[in-house]
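Written below as structure tokens is the structure these notes are about.
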Amino acid sequence: MSSISVSSPQHQYLRNGTLVVSLGVVVGFICDYLFNLTLSRTLESHTYGDYKVAYAFATTASVFCLLGGDRIAPRLLSERLARGENQHVWYFLKFYLIVAMVTSFTVILLTAIGSYFHLGVTDTQDHHPLLKMSFVIPLIAVGALLSRILQSAKQLAWSNLPWRIGLPLAKIGAIWVMFYSLPSLTLSEVILAGATTVVVIIAWQWHKIRQLNLVDVEAHHDTAPATEWLKLSIPMMLAMLVTMVMNQVDLFMLEAMATEHEVGVFAAASTTAHFIPIIQTTVAGLFLPLIAPAIANDGDGGFQLFKKGMLWVSVAVILVCGVLFLSSHVLLGLFGDDYTEANMTLYLLIGAYGIWGVASFSSTWLQYLKRSHLVLKIGGVALLVDVVANLLLIPPLGIEGAALATLLALGSAALLTLLAMFNVMRAGVFTVKSALK
């Protein structure tokens, strides 16, 4: 059987996108790392931990607030935009913007109620900035949606670089201006600086979308496929939400079960290891506009694209894991002398994110093959493992116990995901049974 390669337009797109990915991932990680170093050097370790908990809450909640609109955008819009059809984009964008505003208001209201009744970390009297950070949630949601529209149009530079590079650099600049112009720097000012820069990037991306003629705001539609969109997007949102909660639950449980200092130290290790999921999602994002057309138009082409995506993601993840492992002590030392105690924690997190990073592309592909229910079940099992392991391991082991819980959870998710993908392939979904023999 002759091998089937990825088509020439796809090859050209992937080749051009590699430069953007390399720039966005490497430079973007450096910029984000510098932002976190800036915070750790200007704030106490426990205050830095409070910020990371609040930021984790905001980013996780923003995924829920879109109900998967950002996840499904490439699937619904890529082919239309490739044909120059932009009439459908405005209706899609308007619908999910309304969804984001309604759900964001609900989250803000619930957080405010929790604060009023002094419930847990929502209690503003208990120094936590969760309520203030909740007002950034709709901004994050809007930014994610606009980025996905640009990504669907294969405008990778305008989709990724403003957030990967522009946002952390702008926040660093704003923080240093406030640090030298104000008597003291508080978390409220850090949050305000972040929100302001997010608004600027959103405005710029909207300008770019209009400039590229990717949306027709005058378009009218007689039919409303919103129900069908939600049937597709909500399962994808739930799968992504479970994955994000797994990545963040350690911080929340450490906040409840460990000391304030340990939360900040763990946050430094988690920030360092987070380079792995960043490169994983960025490299996988190269393939998102190509998956649906490949599956719909050519089964063999879909299988070849899947293999190429698995190879690219795996190589990128393994290389990054090696670099982080060899430089772990140096990277943690940049946060301050107190943070080097998280060295073993960082090793465990590198293993956890590395194992999941290799399996992650299979999870994305399962969703495009309408197997979101499998992804959701796997995520539910992994989340249960994570929570139970945290309850058992944090009291005796502290931050190392939280990292070990993450390793057990993501290792379980990776194994189950690869088994599910193998079963799907064995069933001939790609119509290349001969290639699997």
Side-chain angles (χ1 to χ4, degrees), residues 6-29 31-32 62 66 68-97 100 139-170 197-217 219 233 236 278-294 305 308-309 312-313 316 364 368:
V6 179
S7 64
S8 179
Q10 289 179 351
H11 177 75
Q12 182 69 26
Y13 161 73
L14 292 173
R15 186 176 64 181
N16 294 339
T18 302
L19 178 61
V20 177
V21 168
S22 301
L23 181 63
V25 169
V26 176
V27 180
F29 176 74
C31 293
D32 187 63
S62 67
L66 275 171
D70 59 327
R71 307 296 299 172
I72 203 175
R75 181 172 176 174
L76 295 180
L77 304 178
S78 293
E79 288 188 86
R80 293 177 180 271
L81 288 172
R83 295 193 300 265
E85 300 174 5
N86 65 356
Q87 298 86 354
H88 203 62
V89 177
W90 172 241
Y91 185 73
F92 174 88
L93 178 61
K94 184 170 63 173
F95 173 74
Y96 277 105
L97 283 176
L139 299 178
I140 298 174
V142 172
L145 196 55
L146 296 184
S147 289
R148 288 291 187 168
I149 289 175
L150 287 164
Q151 184 187 60
S152 300
K154 300 181 181 178
Q155 298 291 330
L156 296 179
W158 308 132
S159 171
N160 285 286
L161 299 186
W163 299 106
R164 298 287 192 207
I165 298 175
L167 180 62
L169 285 181
T197 54
V198 168
V199 170
V200 171
I201 293 176
I202 287 173
W204 185 88
Q205 283 196 319
W206 174 245
H207 166 73
K208 199 65 186 178
I209 288 172
R210 296 288 286 148
Q211 185 183 57
L212 294 171
N213 196 31
L214 300 180
V215 61
D216 181 4
V217 297
S233 69
M236 296 181 76
I278 285 176
I279 194 170
Q280 163 227 312
T281 54
T282 306
V283 174
L286 274 173
F287 293 83
L288 291 184
L290 307 178
I291 295 176
L305 184 67
K308 182 179 282 289
W312 283 34
V313 172
T364 300
Y368 275 79

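Please read these numbers as outputs of a predicted model, since none were measured by experiment.
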Report the residues that fulfil side-chain contact (heavy atoms from CB on, under 4.5 Å) with Leu97, sequence neighbours left out, ordered by chain and then residue number.
Leu93, Val142, Leu145
Going through the distances and angles, do Leu146 and Ile209 end up as a side chain to side chain contact (heavy atoms under 4.5 Å, CB included)?
CA-CA 8 Å; Leu146 296 184; Ile209 288 172; 3.8 Å; yes
To the nearest 0.5 Å, tell me how far Leu66 CG sits from Met236 CE.
12.5 Å
Let me confirm one number: the CZ-CG distance from Arg164 to Asp32, rounded to the nearest 0.5 Å.
9.0 Å
Determine whether a donor-acceptor pair (N or O, by modelled atom type, separation under 3.5 Å) exists between the side chain of Thr197 and the backbone of Ala170.
no
Value for CD1 (Ile149) from CD (Gln205), rounded to nearest 0.5 Å, stands at 9.5 Å
From CA spacing to verdict: side chain to side chain contact (heavy atoms under 4.5 Å, CB included), Val217, Arg210:
CA-CA 9 Å; Val217 297; Arg210 296 288 286 148; 3.9 Å; yes
Hey, could you give me the SG/CG distance between Cys31 and Leu169, rounded to the nearest 0.5 Å?
3.5 Å
Nearest heavy-atom contact between Phe92 and Gly69 is CZ-O, 3.3 Å
Quick one: does any side-chain atom of Asn86 pair with a main-chain N or O of Asn213 as donor and acceptor, under 3.5 Å?
yes
I want to check something: taking the side chain as every heavy atom from C-beta on, are Leu214 and Val89 in contact at a cut-off of under 4.5 Å?
no
Nearest heavy-atom approach of Ile72 to Ser233 is CD1-N, 3.7 Å
If I take atom CD from residue Glu85 and atom CD from residue Glu79, how far apart are they, to the nearest 0.5 angstrom?
10.0 Å
Could you point out which residue of Val198, Val200, Val199 forms a side chain to side chain contact (heavy atoms under 4.5 Å, CB included) with Ile202?
Val198
Taking Thr281 for its side chain and Ile278 for its backbone only, find out whether a donor-acceptor pair lies under 3.5 Å.
yes
Where do Ile201 and Pro162 come nearest, in terms of heavy atoms and distance?
CD1-O, 3.2 Å
For the residue pair Leu150 and Ser159, what are the closest heavy atoms and their distance?
CB-CB, 3.9 Å
Just by distance, with hydrogens left out, do Gln211 and Lys208 show a side-chain donor and acceptor under 3.5 Å apart?
yes
Strictly distance-based, threshold 3.5 Å: is any side-chain N or O of Gln151 a donor or acceptor partner for the main-chain N or O of Pro74?
no
Steps toward side chain to side chain contact (heavy atoms under 4.5 Å, CB included) verdict (Trp158, Ser147):
CA-CA 8 Å; Trp158 308 132; Ser147 289; over 6 Å; no
Residue pair Arg71 / Arg148: nearest heavy atoms and the distance that separates them:
NH1-NH2, 2.8 Å
Do you know the tightest heavy-atom contact between Ala316 and Ile279?
CB-CD1, 3.8 Å
Check the pair Gln87, Arg80 against side chain to side chain contact (heavy atoms under 4.5 Å, CB included), reporting the backbone distance first and the verdict last.
CA-CA 9 Å; Gln87 298 86 354; Arg80 293 177 180 271; over 6 Å; no
